[in-house]
Amino acid sequence: MSSTETPDLKKHLAQLLAEALGVVAPEMAAATIELERPKQAQHGDYACNLAMQLAKPLRRSPREIAQALLESLPASRYVARTQIAGAGFINFFLDPSVKRQTVKRILREGDDHGRSTLGQGRKVQVEFVSANPTGPLHVGHGRGAAFGASLANVLEAAGYAVAREYYVNDAGRQMDILALSTWLRYLELNGIDLPFPPNAYQGAYVRAMAREIHEAHGDRYVHPALAVLHQMPSAEAEPEAHLDALIANAKRLLAQDYWYLHDLVLTEQLGDCRHDLLEFGVTFDAWFSEKSLADNGLIERALGLLEQRGHLYQQNGALWFRSTRFGDEKDRVVRRENGAYTYFAADIAYHLNKYERGFDRIINVWGADHHGYVARVKGALDALGLDPDRLTVSLVQFAVLYRGGKKLSMSTRSGEFVTLRELRREVGNDAARFFYVLRKSDQHLDFDLDLAKSQSTDNPVYYIQYAHARICSVLEQWGGDPARLPEADIGALTGAHETALLERLQEYPEVTENAARELSPHLVAYYLKDLAGDLHSYYNAEHFLVPEERLRLARLALIRATQQVLRNGLSLLGVSCPEKM
RNA sequence: GCGCCCUUAGCUCAGUUGGAUAGAGUGUUGGUUUCCGAAGCCAAAGGUCAGUGGUUCGAAUCCACUAGGGCGCGCCA
């Protein structure tokens with residue numbers, strides 16, 4: 001092992017303990033040895049609770065066992081000293097040189113620092129956003145986008161082969177409603193006097209699409225009001241039936257032209273959505289069409305498999321999946337009385353397809369309102385003979401916007417929603433990306449617009465970016481060649497702030513691994529806040545550009561390493577790191 | 001009514017596999033700049049981890065119940 005190379009210290013210490021255990025209590029060799037980082041510095045760099053775990057089976061006191069273990073512990077050049085503390089903890093204090101090696105390691109690994117082999121190249125698919133292309137993305141979708149994108153980055157850094165996918169709901173009633181809404185606005189532009197249903201899409205973007213069609217095609221798609229309203233259920237008494245009748249009339253009157261309009265509004269909205277996400281730094285490897293499932297016979301095939309296995313039955317003219325057999329609350333319809341497949345049927349086919357594409361792991365990022373749906377999808381996988389545990393559904397709670405301390409209310413249909421684009425324009429992409437992942441995904445998010453756009457100490461994004469910019473500024477004033485820094489003699493870094501910063505830097509690979517393991521990118525965000533705090537404290541306590549060259553280079557190497565970790569972490573979250581602010 | 005999620009400092013929230021004296025930001029109060037970016041730093045104050053019981057060497061963390069909040073429960077998507 002070369003002098004600049006430090007082993008995985010957790011594994012190293014666990015190995016030492018395992019050897020000691022073999023001497024002290026060979027019969028307990030199977031015990032799992034856990035090492036943790038104590039919260040307090042006085043408890044050392046790593047602590048082990050092995051002695052307390054063994055107390056009961058060995059019928060000896062924990063401290064006595066700890067003493068025996070330490071007496072049999074092999075010597076290691078990485079361990080400065082050990083102690084027994086509290087109820088029987090074994091605390092390890094590392095040799096200071098170990099911590100200093102992290103600087104060299106970070107500088108050597110550069111942008112790759114923090115990557116791990118946890119995933120071992122396994123294929124994982126992350127499906128996220130998947131919003132209906134029936135209008136602009138709103139701030140709720142934004143959270144799914146920011147979370148999913150950061151999660152995918154974190155998994156990739158942890159050594160998974162990640163595929164990012166967007167499921168496009170391009171079939172079904174919502175698309176029909178959008179096509180109808182656009183057509184009705186188009187008819188208005190042509191002077192046809194019709195009431196616009198309150199449960200159709202109200203947004204200005206619908207009028208905009210109607211205007212485009214009007215300009216391009218004049219009155220080509222005009223039909224008289226009487227024909228459009230032919231045999232209409234009351235809009236007041238039966239609003240949904242009214243809408244469905246309008247759709248049926250549109251399809252009948254427009255014939256092939258209906259599908260032209262349908263595809264036009266779909267393409268328009270999907271393109272808008274894709275562009276919006278691209279500007280937000282969120283990209284996908286695949287856009288999977290729901291419609292393609294039906295077109296390629298995948299739904300029939302999936303249902304055929306369920307049928308073969310005896311999990312389907314007919315009742316009241318509909319086809320049912322016996323999901324209660326697989327832990328669901330009730331059986332679910334997969335093909336309606338009118339012969340149409342349900343959304344659920346498409347989703348069974350979609351998930352079968354995901355499994356057949358060979359992903360070792362599948363992660364769905366869904367809005368929390370879909371949580372009732374998890375059991376039936378897993379049930380369907382089970383019924384198909386697939387392992388439901390390969391699928392993880394990550395539920396993302398809603399985001400509520402606050403401006404001036406006041407909650408903003410939103411509703412998609414009425415058109416009173418704040419779009420993701422508006423949010424990005426107001427607070428900027430960086431603040432939006434960061435604020436979205438600053439909460440655990442299963443927590444409600446209060447998104448404070450005033451805070452997100454404030455360029456002040458209150459704003460954690462600026463706090464972190466400021467730390468990065470400060471480092472850039474110092475390095476620029478130094479004016480030396482950064483390539484020299486990995487060779488710096490960092491033995492001079494012995495101050496309290498330096499030790500704290502070194503320990504923080506050492507944590508980073510564990511943070512990214514944890515974030516991947518727990519599917520929790522917010523851990524990275526919190527880590528970066530802490531790291532930036534350590535840097536600011538150090539900055540205010542010490543001067544970096546000191547006359548003595550050895551100390552100066554050591555300190556510059558340390559902040560250069562800090563800069564690198566800030567950059568790597570922010571990059572996982574899709575946040576930029578400006579050199580000047 | 002049933003199911004899932006949540007409840008931690010005045011406010012917004014972290015808290016890893018159960019681990020030692022429960023942390024951060026904000027707000028409040030006080031201090032800090034002849035010196036690399038004060039968008040910063042230092043300090044003080046602030047807690048029945050919703051409640052009760054259990055599991056054990058040890059519980060904010062696991063289990064049960066209670067209270068409060070959110071979401072879901074359609075031949076919608």
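Small disclaimer: the values here were computed from a predicted structure and weren't measured. The sequence lines fix the lettering, A, B, ..., with proteins before strands; numbering per chain opens at 1. Only heavy atoms go into these numbers, but all of them, side chains included; no hydrogens, no water, no symmetry mates.
- When heavy atoms are screened at a 4.0 angstrom cut-off, Met175(A) is found touching no nucleic acid atom at all.
- Among the protein residues, Ala368(A) comes within range of the sugar-phosphate backbone only, with heavy atoms under 4.0 Å from sugar or phosphate atoms but none that close to a base.
- If you check C36(B) for Watson-Crick or wobble pairing at under 3.5 angstrom, you find it has no partner at all.
- Within 4.0 Å of Glu507(A), counting heavy atoms only, lies no atom of the nucleic acid at all.
- The separation between Gln53(A) atom CD and U17(B) atom P is 15 Å, rounded to whole Å.
- For A38(B) and U33(B), the P atoms lie 12 Å apart once the distance is rounded to whole Å.
- In this structure, the side chain of Tyr527(A) engages the main chain of Arg504(A) through a donor-acceptor pair within 3.5 Å.
- Across all strands shown, U28(B) is found opposite A44(B) as a Watson-Crick or G-U wobble partner, with both distances under 3.5 Å.
- Heavy atoms of Glu579(A) sit under 4.0 angstrom from at least one base atom.
- Put simply, the side chain of Leu293(A) reaches to within 4.5 Å of the side chain of Phe288(A), judged on heavy atoms.
- Among the nucleotides C5(B), U17(B), C36(B), the one closest to the side chain of Phe544(A) is C36(B).
- For the pair Thr134(A) and Gln269(A), the minimum side-chain heavy-atom distance is 4.5 Å or more.
- Each of Asn540(A) and Glu290(A) lies near RNA chain B, and the nucleotide nearest Asn540(A) is the one positioned closer to the 5' end.
- Remark: aromatic rings of Tyr538(A) and Phe544(A) are close, center separation under 6.0 Å.
- When the C1' atom is used for both G54(B) and C4(B), the distance is 24 Å, rounded to whole Å.
- The side chain of Arg332(A) contributes no N or O atom lying less than 4.0 Å from OP1 or OP2 of C73(B).
- Among the heavy atoms of the strands, none lies under 4.0 Å from Leu395(A).
- Minimum atom distance to the side chain of Trp320(A) is reached by C75(B), of the listed C75(B), G3(B), G15(B).
- When the nucleotides C41(B), A38(B), C75(B) are ranked by their closest atom to the side chain of Val333(A), C75(B) comes out on top.
- Side chain Asp369(A) to base G72(B): no donor-acceptor pair is found below 3.5 Å.
- Checked against G37(B), G74(B), A77(B), the side chain of Asn132(A) finds its nearest nucleotide in A77(B).
- No engagement by Asn338(A) is indicated, since no non-hydrogen atom pair under 4.0 Å with the nucleic acid exists.
- Base pairing of G3(B): its partner is C71(B), meeting the Watson-Crick or G-U wobble criterion (both donor-acceptor distances under 3.5 Å).
- For the pair Lys56(A) and Tyr539(A), both in contact range of RNA chain B, the more 5′-proximal nearest nucleotide belongs to Tyr539(A).
- At G37(B), one or more side-chain N or O atoms of Gln477(A) fall inside 4.0 Å of OP1 or OP2 (strictly under the cut-off).
- Aromatic rings of His536(A) and Tyr463(A) (six-membered ring for Trp) have centroids within the 6.0 Å cut-off, being under it.
- A salt bridge between Glu507(A) and Arg37(A) is absent, with no side-chain N of the basic residue lying under 4.0 Å from a carboxylate O of the acidic one.
- Nearest to the side chain of Glu518(A), among U17(B), A14(B), G19(B), sits U17(B).
- Contact annotation: side chain of Asp176(A) to base of A77(B), donor-acceptor pair absent below 3.5 Å.
- The side chain of Lys330(A) contributes no N or O atom lying less than 4.0 Å from OP1 or OP2 of G3(B).
- For His371(A) against C71(B), a side-chain-to-base donor-acceptor contact under 3.5 Å is present.
- Looking at heavy-atom distances under 4.0 Å, Ala469(A) makes contact with a base.
- Rounded to whole Å, the P atom of G15(B) lies 15 Å from the corresponding atom of A50(B).
- Proximity of Arg173(A) to the phosphate of C75(B): no side-chain N or O atom is located under 4.0 Å from OP1 or OP2.
- Note on Arg336(A): a side-chain N or O is less than 4.0 Å away from OP1 or OP2 of C76(B).
- Base contact: Ala47(A) has a heavy atom under 4.0 Å from a base atom.
- Stacking is found between Phe89(A) and the pyrimidine-like six-membered ring of the A20(B) base under the 5.5 Å centre-distance and 30° plane-angle cut-offs.
- Between G23(B) and A60(B), the two C1' atoms lie 12 Å apart (nearest whole Å).
- For the OP1/OP2 pair of A20(B) and a distance below 4.0 Å, the side-chain nitrogens and oxygens of Lys39(A) include at least one atom meeting the criterion.
- With both pairing distances under 3.5 Å, A20(B) is matched to nothing as a Watson-Crick or G-U wobble pair.
- Distances shorter than 4.0 Å separate some side-chain N or O of Ser537(A) from OP1 or OP2 on C42(B).
- Within 4.0 Å of Ala467(A), counting heavy atoms only, lies no atom of the nucleic acid at all.
- Within 3.5 Å, a donor on the side chain of Asn514(A) pairs with an acceptor on the base of U16(B), or the reverse.
- In this structure, the NE2 atom of His543(A) is 11 Å from the P atom of A38(B), given to the nearest Å.
- Base pairing analysis places C76(B) opposite nothing; no Watson-Crick or G-U wobble pair with both distances below 3.5 Å involves it.
- Residue contacts shown for His522(A) are limited to sugar-phosphate atoms, with no base heavy atom under 4.0 Å away.
- Once the 5.5 Å centre distance and the 30° plane angle are applied, the aromatic ring of His43(A) is found stacked with the base of A20(B).
- Taking atom P in both A9(B) and C41(B), the straight-line distance is 24 Å, to the nearest Å.
- Distance check on atom P: U7(B) versus C62(B) gives 10 Å, rounded to whole Å.
- Counting any heavy atom pair closer than 4.0 Å across all strands shown, Tyr526(A) reaches sugar-phosphate atoms only and no base atom.
- Contacts of Leu35(A) with the nucleic acid, taken as non-hydrogen atoms under 4.0 Å apart, include base atoms.
- For A50(B), the paired base is U66(B) (Watson-Crick or G-U wobble, both distances below 3.5 Å).
- Note: CD (Glu64(A)) to P (C57(B)) measures 17 Å, nearest angstrom.
- Looking at Gln443(A), its side chain has no donor and acceptor atom pair within 3.5 Å of the base of U12(B).
- Annotation for Gly569(A) and Leu528(A): closest pair C-CD1, 3.5 Å, computed over non-hydrogen atoms.
- On the P atoms, C5(B) is 31 Å away from G47(B), given to the nearest whole Å.
- Using a cut-off of 4.0 Å between Lys/Arg side-chain N and Asp/Glu carboxylate O, Lys291(A) and Asp295(A) are scored as salt-bridged.
- Pair assignment for U55(B): none, as no Watson-Crick or G-U wobble contacts are both less than 3.5 Å.
- When ring centroids are compared, Tyr46(A) and Phe93(A) stay outside the 6.0 Å threshold.
- Of the charged side-chain nitrogens involved, at least one lies within less than 4.0 Å of a carboxylate oxygen, so that Glu549(A) and Arg484(A) count as a salt-bridged pair.
- Within the nucleic acid shown, Tyr373(A) comes within 4.0 Å of at least one base atom, counting heavy atoms only.
- If you check every strand for non-hydrogen atoms under 4.0 Å, Glu510(A) touches nothing.
- Here the side chain of Val474(A) is nearest to one of C13(B), C36(B), A20(B), namely C36(B).
- The same atom, P, is picked in C49(B) and in A22(B); the two are 10 Å apart, to the nearest Å.
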